[in-house]
2 protein chains.
Amino acid sequence: MTDPALAFEAHDHRTCAGDVLTRAEAISGARLTPVRRRTLEILLESHRAMGAYEVLEKLADAGFGNQPPVAYRALDYLVDQGLAHRIRRLNAFAACMHPGEAHSPAFLICKSCAAVAEAPAAAIHAALGKAAADIGFTVERANVEALGLCPTCAETES
Amino acid sequence: MTDPALAFEAHDHRTCAGDVLTRAEAISGARLTPVRRRTLEILLESHRAMGAYEVLEKLADAGFGNQPPVAYRALDYLVDQGLAHRIRRLNAFAACMHPGEAHSPAFLICKSCAAVAEAPAAAIHAALGKAAADIGFTVERANVEALGLCPTCAETES
DNA sequence: ACTTGACATGTTATGCTATAACATACGATA
DNA sequence: TATCGTATGTTATAGCATAACATGTCAAGT
């Protein structure tokens, strides 16, 4: 699995984004149409989450439609396919950095630089499932989003 | 601590809501003004989360202002004081069922009856903190929201 | 009493987020 | 070639949230 901390570190982002895109193409095949592909590329330009309207603007710049459904449909598709994630706390979307690997990660959002990383969440889901089971509740899907400081910003601010 | 499963079971809701309101008054004192108190009462009418505009409507019925800021301000206050929680997944708010006890619970949202319960989340936060620390990330606040089936609905649907 | 400042509420206006509903196009396949 | 599923485009509107300003109230300090 890709190093989850990558989002917070200086790295060869071209390679990093390219890798993800290649894997996405393998997963999604022909259904990764131009709008959808471009949408994913837009999300992959940074490790930030991006609002639908921000994405829409960039899609329009690229010659696609400029009405909200254009962006929402592409984003919804990507989320469905596990190629992107929706960050509810931010009303925004972020590219999935390790598509294909089944996961429902915990999101770590840096309040300083706005970068978003995906942390492995197996232990978290186990704890959640147990807490829920104690009450008789069956968890189907869960989202875990944490706000805090990434290592780079923590260093800078101290 | 109050039984977290209460939200999903038939119970004497008058008493349950009354207790919470009494505790809220003790915590908030004079600053629990009429609008705020009424807002909390509205949230306490059910164990569901309620949108700001739904709350606003009921506030207007009670003779308070009927513009969005009226509801948002009261709700924000309650959230600040730990008397209510914001459920981001639903863009909605729910009364805190055990105010005073410091907590950042995990929310269990029944997809069938829409009831929301607060599960103890100490173990979840521990797991999250550890996963984050592995990446060098410092968690400040986190929200954990799970969608699934409550025990009552699970029984009904089977 | 008077002034000041903090807080609460009300109102106007607007911005941001999201989706319903309908129209058009294109390829696969029967 | 008729039809169906899928994708995209467009119009319109619904739903969520806040900025900015106006008014009122009460308590502290003078």
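Each chain gets a letter, A, B and so on, in the order its sequence line appears, and its residues count up from 1.
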**Item:** Validation row, ring centre B/H11 to ring centre B/H47 under 6.0 Å
**Value:** yes
**Asked** Quick one: are the ring centres of B/H85 and B/F107 less than 6.0 Å apart?
**Response** yes
**Request:** Flag the pair A/R88 and B/E145 as a salt bridge only when some basic side-chain nitrogen lies within less than 4.0 angstrom of an acidic carboxylate oxygen.
**Result:** no
**Message:** Treating A/S28 as the side-chain partner and A/A24 as the backbone partner, does any N or O pair qualify as donor plus acceptor under 3.5 Å?
**Reply:** no
**Prompt:** How long is the gap from NE2 on A/H98 to CG on A/D19, to the nearest 0.5 Å?
**Reply:** 14.0 Å
**Prompt:** In whole Å, what is the span from the CG atom of B/L56 to the C1' atom of D/dT18?
**Reply:** 14 Å
**B/R31 CZ - D/dC26 P separation (whole Å)** = 16 Å
**Prompt:** Can a salt bridge be assigned to the pair A/K130 and A/D134 using a cut-off of 4.0 Å between side-chain N and carboxylate O?
**Reply:** yes
**Atom-to-atom span, CZ of A/R36 to C1' of D/dA7 - whole angstrom** = 6 Å
**Request:** Take atom CD of A/E41 as the centre, draw a 6.0 Å sphere, and report whether it contains more than 12 heavy atoms from other residues, nucleotides or ligands.
**Result:** yes
**Message:** One character per nucleotide, please: for nucleotides 23-30 of chain C, 5' to 3', B when the base has a protein heavy atom closer than 4.0 Å, S when only the sugar-phosphate does, - otherwise.
**Reply:** --------
Detail all sub-3.5 Å separations between protein N/O atoms and N/O atoms belonging to nucleotides 10-13 of chain D.
none

**Asked** Does NZ or CZ of B/R36 come closer than 6.0 Å to the centre of the six-membered ring of B/Y77, within 45° of the ring's axis?
**Response** yes
**Request:** Could you point out which residue of B/L56, B/V55, B/L32 forms a side chain to side chain contact (heavy atoms under 4.5 Å, CB included) with B/T39?
**Result:** B/V55
**Item:** Whether A/F8 and B/F137 hold their rings parallel, tilted or perpendicular, with breakpoints at 30° and 60°
**Value:** parallel
**Item:** Rounded distance in Å - CE (B/M50) to C1' (D/dC16)
**Value:** 16 Å
**Fill in**
Separation of D/dA7 atom C1' from A/L78 atom CG, nearest Å, is 14 Å
**Request:** Provide, to the nearest angstrom, the distance between the CG atom belonging to B/D76 and the P atom belonging to C/dC7.
**Result:** 16 Å
**Request:** Find the distance B/E54:CD to D/dA14:C1' and express it as a whole number of Å.
**Result:** 15 Å
**Message:** With a cut-off of less than 4.0 Å, is there a side-chain N or O of A/Y72 near OP1 or OP2 of C/dA18?
**Reply:** yes
**Request:** Can you tell me the distance, in whole Å, between the CG atom of B/L59 and the C1' atom of C/dG10?
**Result:** 13 Å
**Request:** Mark yes when over 12 heavy atoms from residues, nucleotides or ligands other than A/E9 sit less than 6.0 Å from its CD; otherwise mark no.
**Result:** yes
**Item:** Positions of residues 83-94 of chain B (non-hydrogen atom under 4.0 Å from DNA chain D), listed by number
**Value:** B/R86, B/N91
